[in-house]
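First the proteins, then the strands, lettered A, B, ... as listed; each starts at 1.
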There are 4 protein chains.
Amino acid sequence: MPQPPTAGSTADEVLAIALGKLAPRPDEVFADIGCGSGKVSIAASALAREVYAIDRRPEAIAWAREQARAAGSQNIRFLEGEAPGALAGLPAPDSAFIGGSGNLAAVIGALATRGTRRMVVSCVRLETLSTAISTMRDLGIFREALLVQVARTKDLAGGTMFVPANPVYLVIGGA
Amino acid sequence: MPQPPTAGSTADEVLAIALGKLAPRPDEVFADIGCGSGKVSIAASALAREVYAIDRRPEAIAWAREQARAAGSQNIRFLEGEAPGALAGLPAPDSAFIGGSGNLAAVIGALATRGTRRMVVSCVRLETLSTAISTMRDLGIFREALLVQVARTKDLAGGTMFVPANPVYLVIGGA
Amino acid sequence: MPQPPTAGSTADEVLAIALGKLAPRPDEVFADIGCGSGKVSIAASALAREVYAIDRRPEAIAWAREQARAAGSQNIRFLEGEAPGALAGLPAPDSAFIGGSGNLAAVIGALATRGTRRMVVSCVRLETLSTAISTMRDLGIFREALLVQVARTKDLAGGTMFVPANPVYLVIGGA
Amino acid sequence: MPQPPTAGSTADEVLAIALGKLAPRPDEVFADIGCGSGKVSIAASALAREVYAIDRRPEAIAWAREQARAAGSQNIRFLEGEAPGALAGLPAPDSAFIGGSGNLAAVIGALATRGTRRMVVSCVRLETLSTAISTMRDLGIFREALLVQVARTKDLAGGTMFVPANPVYLVIGGA
């Protein structure tokens, strides 16, 4: 039975912001690179014509496939492998969410070359942030990066305090 | 010619998170209370069957109506007046975004009584935050509040710095 | 043997900001109300002539006294009891840090009445924040409140991410 | 008459945290590299035996010197020039605050080599943050970096909102 992948899944709020930036349309193809739990793919599948869900971890693909089945998403193509290679031979995605990659600069470069018009890299590490920004700058497709911080209430001794989630960076590029 | 209302419009990222929480569906009615520029109404109109855009300022209604026309949104009903009174005689909304109100506790109470199942209050003032939380707690519909902070890059002396937008609170309630 | 009190102690960064605002001087008396671990008292004891460390929990007083002895602080007077009553009969403090109190409005009021010129309330709960601000506003001594958020690096998979501490509010008042 | 330098001065709260980390002592020498307005130097001069205030801009040195005179600080040595060269021939500082430098890696390296035991780099740009962290990591002196965010209240339409200052990074190193 599939198990959830170990790497944390994208928070609802970050997902909402990222999809708002990517704005996939009903006639478009969307790629979810490093799909992990499949959460982004399932959300995008309601908006795009087709979604490519890519992950190099077989257990992530198995889990995400199961989640998509449970959610009734029928337009997700699961690709086990490493981007950008795993995208070879497929029509270029119109927009892409990059939640994880061992090869970030190559992924951004391949997408830009093939004509992906909107992409968002989501990351928590400074080094990944720097790589994403500098790669997009070099390609002339950098638009902006966001630092997104969400804290949510919890009850404390009869009162209400805010507990912060980890800050997430979204690096936004487009042709 | 209509002019934009003076109160600030909802930031894209806050809008995306709020709509993600409200998740209006194609068979539902959505209310945008204190609609201001009409931005939330227009975004919701692509998801819901009908949107009520309510504002007590004639100039806001005129501006929002113009924006909706330009965006091609045809399922927004504009209501000039003060909520909750302006909603009288209409079917209760299934979900509601409350971006501004001179009468917040009464609005939340009326929505809850009439069966609105999901609501989000967006605010920047502490006093409004406290009112929203305590009113929802008293009604037994408080789910959580979020503190949302977004900073975006700008170029500085050949480098990249983050400039913060004002923090926004989203208070989320539901039956 | 004394044990540390259960309530969390003030973070170094919050302590530094609060002491910067209070700026105790060598000829002044400083009060640390809800002294907990004694950390604020010990830091203030290097700057002020005398420090009152007040806590209603005997185990907090015992622990703080032990910490002060270890730190070599000799000008701290430990007072087990509830403020403002525990301050009766003593010279009024010139400045005060209020890290915890079951009776916040009364404490602020008593300090203001007796002439404490600078005070900082440190809190994490919204309700405490509201009480501190509204009490100081009513007394005409409210200066400003700060929302302080500190995140610190930790290593993650060969990279560097920021992990946030809980947001803290500092409410600053003065005659 | 001296004018204030154009680059922004360190916020009070950031200064308080940085000095808390550096903890200059009465028998120590403190260096303020890129001293700008002189604010950090003046604050440190109350704690350290001697302060070196270094800036390559003559107008910054003139202004800082004037501010120090007004504040009564008599143990600040002003050095117009570029660090680390400007420190040549002087005893090594025990601790250093680096608020600005055109030559950050060289400054950190020179300080580490000469035995400065505690240093804090304050920056707002990502590129500077990355350089500071990687330089300190390479030297084996990296301790941690902080992301410091302070928002302060302002009155808004009879209520209280928080307005954020720009986020600041403090990179902390030590032997």
Ranked by heavy-atom pairs below 4.5 Å to chain D, first place among C:Ala165, C:Pro164, C:Pro167, C:Ala151 goes to C:Ala151
Nearest heavy-atom contact between D:Phe162 and C:Leu146 is CE2-C, 3.8 Å
Separation between CD1 (D:Ile133) and OG1 (C:Thr160), nearest 0.5 Å, reads 5.0 Å
Practice problem: Decide yes or no for C:Glu13 and D:Glu13: does some side-chain heavy atom of the first lie under 4.5 Å from some side-chain heavy atom of the second? | Solution: no
Looking at C:Thr153 and D:Ala145, would you say the former's side chain and the latter's main chain have a donor-acceptor pair under 3.5 Å? yes
Using the side chain to side chain contact (heavy atoms under 4.5 Å, CB included) rule, take D:Ile17 and C:Ile17 through it: C-alpha gap first, then chi angles, then the decisive distance, then the call. CA-CA 6 Å; D:Ile17 293 174; C:Ile17 294 174; 3.8 Å; yes
Applying a strict 4.5 Å limit to non-hydrogen atoms, the region of C:Lys154 in contact with chain D is neither
Turns out that what part of C:Arg137 lies under 4.5 Å from chain D's heavy atoms comes down to side chain
Separation between CD (C:Gln149) and CG (D:Leu147), nearest 0.5 Å, reads 8.5 Å
